[in-house]
Amino acid sequence: MDINLKPVTAAAAGIDTSGEEQYRILIDSITDYAIFLLNTEGYIITWNTGAEQIKGYAADEIIGKHFSIFYTQQDLADNHPSQELTKAIAEGKYEEEGWRVKKDGSVFWANVVIAPVYDKDQQLIAFSKITRDLSERKKAEDDLYRAFEELKESEERFRLLIEGVTDYAIFMLDPAGNVATWNNGAHRMNGYEAHEIIGKYFSRFYSQELIAEGFPDYELRQAKEHGRFEDNGWRYRKDGSAFWANTVITAIYNTKEELIGFSKITRDLTDKLKMEQQLFLMNEELRESEEKSRLMIDSVKDYAILMLNPEGIVMSWNEGAERIKGYKPKDIIGRHFSTFYNRESIAKGFPQYELRKAQEMGRFEDEGWRIRKDGTAFWANVVITPIYNSKKRLLGYSKVTRDLTERRRNEELMHKNRELIKINNELDNFVYAASHDLKAPITNLEGLLEALKEDLGDSLPQHEVLLSYMGGALGKLKNVIADLSDVTKLKHEQESPEDVQIQDMLEDIKISLQPYIEHTGAVVECTSMAFSTLRYSRKNLRSILFNLVSNAIKYADPNRKPVVRISTTILEGGVYELAVQDNGLGLSPGQTGKIFTLFKRAHDHVEGSGIGLYLVKRILDNSGDSIAVESEEGAGSRFMVRFHQNKV
């Protein structure tokens, strides 16, 4: 509703404004409240500074307009402004909270009080209206309510914070750092009852020096920034005694990525610290030993030489360790040496196994993958030796590590090369025998089959089916021999590359496959073509495309018409990708790694030699290119052939 009238003043409405009490209420210096008068029909007749600041209207813009201008469209549709005035008259005052609209169209959450104003004869002459902006309070209440509701729904969180845990202090902090929950372990470790600590800021567990430095606030900031914060340091109980604690603070967010608080897990490591300090003192004594100084001299660069305490905590670190593993001494000393192992080894308890075997055997040597600070793996030779004092008490372990990654790679390459040479030689011998020595027997069998047909004479019709099967089997065998001949030629033929039009070649292939296409009703088409010309051996590219398209039609799903789509994409690094996608039978996960092997076929009910994809793989290997497949059983397959055109 937008009603524009001439400005209406309090005097024109017949209201006496000379009263000291009225001026005291409506003094213009009030800025936190919008305080103004309405005439009996709801039109604004006065306006204070607070009203201008809260609602955005200057006095000359709003006086004379109906107060319904501040209400939402829904409130106007419900005739809510008129109902407020009616209730104010009936009840002597009307108060509510709800959404109101500012001049710029934005809404704010308002507390509104409307009271009727009567003259000395008890005649209604106006309404007073006081409005306060409570948007910030509303948001805080809404946020708290949502956080509370989400916490109630989080069954997993309560399982983690079960009261039965006594070895760990596990509790929640609200977003401001105040204690929100308290478990039995926290009570046992810190000494506070739940009612004594809940609602208090968690800094009371810290020393005055750390509080003065703002360390508790720093922990929360780090947890918010990185997701978690872990620290070892002195903490204080209710009785003032100190204990050495490991603390992990984790930021907790709701499903809308809004911070709803922090979990804080603390463990008392005082006894462990004492043991480590004792070991450190022993270690200092050992450092005076000439033998240890000789072994641990910092000039050693090719070996990581370090000391572990009996539990496997790193106690010393040399330059070789820093160079090989990437950690600075301050980053690694005090941490468990399992940091250098992958997750599988840690899950199997292999680091602990190494220490046990070192104690049992006097030393432990192993070669395996280890992890650097940056997450990369290296092949390491590791020797762990237990160190005892004169009383045969275990003081710790020396650990010497050497990076043998290059040697490992060279050995693997040599082994693979030997295997490949052996396989290729065997394969070439077999292919040669199959493609040459079997041709003559097959030709003889064909001749004998023709002679048999002539000898049967009038009996020929009775054996026609069997003879047909025999002829078909010989034909398949000839095709296999022909395919093997192509494989043999790959090793010796080197065709020069040329610019090949992919779509023209596809049309030629479709003509060759016309009987298949007509029989199945297949659709073979080019779709998205980022490039249409490829520089490659024409014969080899035709062989690649022919085998992929023919396979896509042969392995079609019998319940739907085969659709084969060819597309091209240019990848990073000058790689040109040609993709052949079908809607056929697809492959199971176990088949995708085998289909490029000689004589391996994914579906035995479809005719084929099992050589086509092997031939494609050999062609691409010879040219330094590659092929990959993505497939879903029952949905189809997508073969991606990648050509490195910048090599041509």
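The structure presented is a predicted model; accordingly, all values stated were derived computationally and were not measured. Residues: numbered from 1 along the sequence shown.
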Show your reasoning for whether salt bridge (charged side-chain N to carboxylate O under 4.0 Å, His left out) applies to R538 and D508.
CA-CA 12 Å; R538 178 178 293 275; D508 176 63; over 6 Å; no
For the residue pair F531 and Y576, does the interplanar ring angle fall in the parallel (under 30°), tilted (30 to 60°) or perpendicular (over 60°) class?
tilted
Around atom CZ of R402, are there more than 12 heavy atoms of other residues, nucleotides or ligands at under 6.0 Å? no
*Would you call F639 and N547 a side-chain contact if the rule is heavy atoms closer than 4.5 Å?*
no
query = Do E258 and R146 come close enough that some side-chain heavy atom pair is under 4.5 Å?
reply = yes
CZ of F340 to OG1 of T401, rounded to nearest 0.5 Å, is 7.5 Å
By side chain to side chain contact (heavy atoms under 4.5 Å, CB included), I333 pairs with (sequence neighbours left out) V314, W317, P329
Rounding to 0.5 Å, atoms CD1 (I517) and OG (S512) come to a distance of 9.0 Å
Is it true that atom OH of Y353 has more than 12 heavy atoms of other residues, nucleotides or ligands lying nearer than 6.0 Å?
no
| query | Distance-only, no hydrogens or angles: does the R642 side chain make a donor-acceptor pair with backbone N or O of D625 under 3.5 Å? | reply | no
message = Is there a side-chain contact (heavy atoms from CB on, under 4.5 Å) between V580 and V641? Walk through the geometry before answering.
response = CA-CA 8 Å; V580 178; V641 186; 6.0 Å; no
Would you please say whether a donor-acceptor pair under 3.5 Å links the side chains of S543 and N540? no
| Do other residues, nucleotides or ligands put more than 12 heavy atoms under 6.0 Å from the NZ atom of K373? | yes
Contacts of E219 meeting salt bridge (charged side-chain N to carboxylate O under 4.0 Å, His left out) (sequence neighbours excluded), chain-then-number -> R235
Value for CZ (F378) from CH2 (W369), rounded to nearest 0.5 Å, stands at 10.0 Å
- Would Q645 and F643 satisfy side-chain contact (heavy atoms from CB on, under 4.5 Å), going step by step from the backbone distance to the final call? CA-CA 6 Å; Q645 289 291 279; F643 302 92; 3.8 Å; yes
In short, G362 meets P386 closest at the heavy-atom pair O-CD, 3.0 Å
For F262 and P175 the tightest heavy-atom approach is CE1-O, 3.7 Å
E630 meets the salt bridge (charged side-chain N to carboxylate O under 4.0 Å, His left out) criterion, sequence neighbours left out, with none
With sequence neighbours left out, the residues meeting salt bridge (charged side-chain N to carboxylate O under 4.0 Å, His left out) with E507 are K510
| request: Answer whether the closest heavy-atom distance between the side chains of R370 and V382 falls below 4.5 Å. | output: yes
Practice task
Taking S550 for its side chain and F546 for its backbone only, find out whether a donor-acceptor pair lies under 3.5 Å.
Solution key: yes
In short, A556 meets P562 closest at the heavy-atom pair CB-CB, 3.6 Å
So CG of D557 and OG1 of T520: to nearest 0.5 Å the spacing works out to 12.5 Å
- Task: Give a yes or no answer on whether the side chain of S626 reaches the backbone of D621 with a donor-acceptor pair at less than 3.5 Å.
- Result: no
| Does the pair I260 and D143 meet the rule for a side-chain contact (heavy atoms from CB on, under 4.5 Å), with working shown? | CA-CA 9 Å; I260 60 174; D143 290 347; over 6 Å; no
**Request:** Decide whether S623 and Y536 meet the rule of one side-chain donor and one side-chain acceptor closer than 3.5 Å.
**Result:** yes
Taking every heavy atom of S532 against every heavy atom of Q503, the minimum-distance pair comes out as CB-OE1, 4.3 Å
All heavy atoms of R638 vs all of A579, minimum pair found to be NH2-CB, 3.5 Å
In this structure, CD1 of I544 is separated from CE of M505 (nearest 0.5 Å) by 9.5 Å
- Item | pair L173-L220: side-chain heavy atoms closer than 4.5 Å | yes
pair K554-N551: side-chain heavy atoms closer than 4.5 Å = yes
Answer yes or no: is there a side-chain heavy-atom contact under 4.5 Å between D366 and I384? no
Exercise. What do the steps show when you test H336 against I346 for side-chain contact (heavy atoms from CB on, under 4.5 Å), and what is the final call?
Worked result: CA-CA 11 Å; H336 197 271; I346 295 172; over 6 Å; no
Side-chain polar contacts of residues 523-530 - donor-acceptor pairs under 3.5 angstrom, sequence neighbours left out - could you list them?
from: E525; atom 1: OE2; to: R565; atom 2: NE; distance (Å): 3.0
from: T527; atom 1: OG1; to: I566; atom 2: O; distance (Å): 3.4

message = Between R560 (side chain only) and G584 (backbone N and O only), is there a donor and an acceptor less than 3.5 Å apart?
response = yes
Original post:
How about P351 and F337: do any of their side-chain heavy atoms sit closer than 4.5 Å?
Top reply: yes
Rounded to the nearest 0.5 angstrom, the CZ-CZ distance for R618 and F596 is 14.5 Å
Hits for salt bridge (charged side-chain N to carboxylate O under 4.0 Å, His left out) against E406, two or more places apart or cross-chain, chain-then-number order -> R409
_With a 3.5 Å distance limit and no angle check, can you tell me whether D403 reaches the backbone of I324 through a side-chain donor-acceptor pair?_
no
In terms of side-chain geometry, is the basic nitrogen of K357 or E354 positioned less than 4.0 Å from the acidic oxygen of its partner? no
In terms of heavy-atom contacts, L613 and I595 come closest through CB-O, 3.5 Å
Fill in: Close side-chain approach of L306 and I332, heavy atoms under 4.5 Å
no
Looking at V564, is its backbone amide N or carbonyl O close enough to the side chain of D582 to form a donor-acceptor pair, meaning the two atoms are under 3.5 Å apart? no
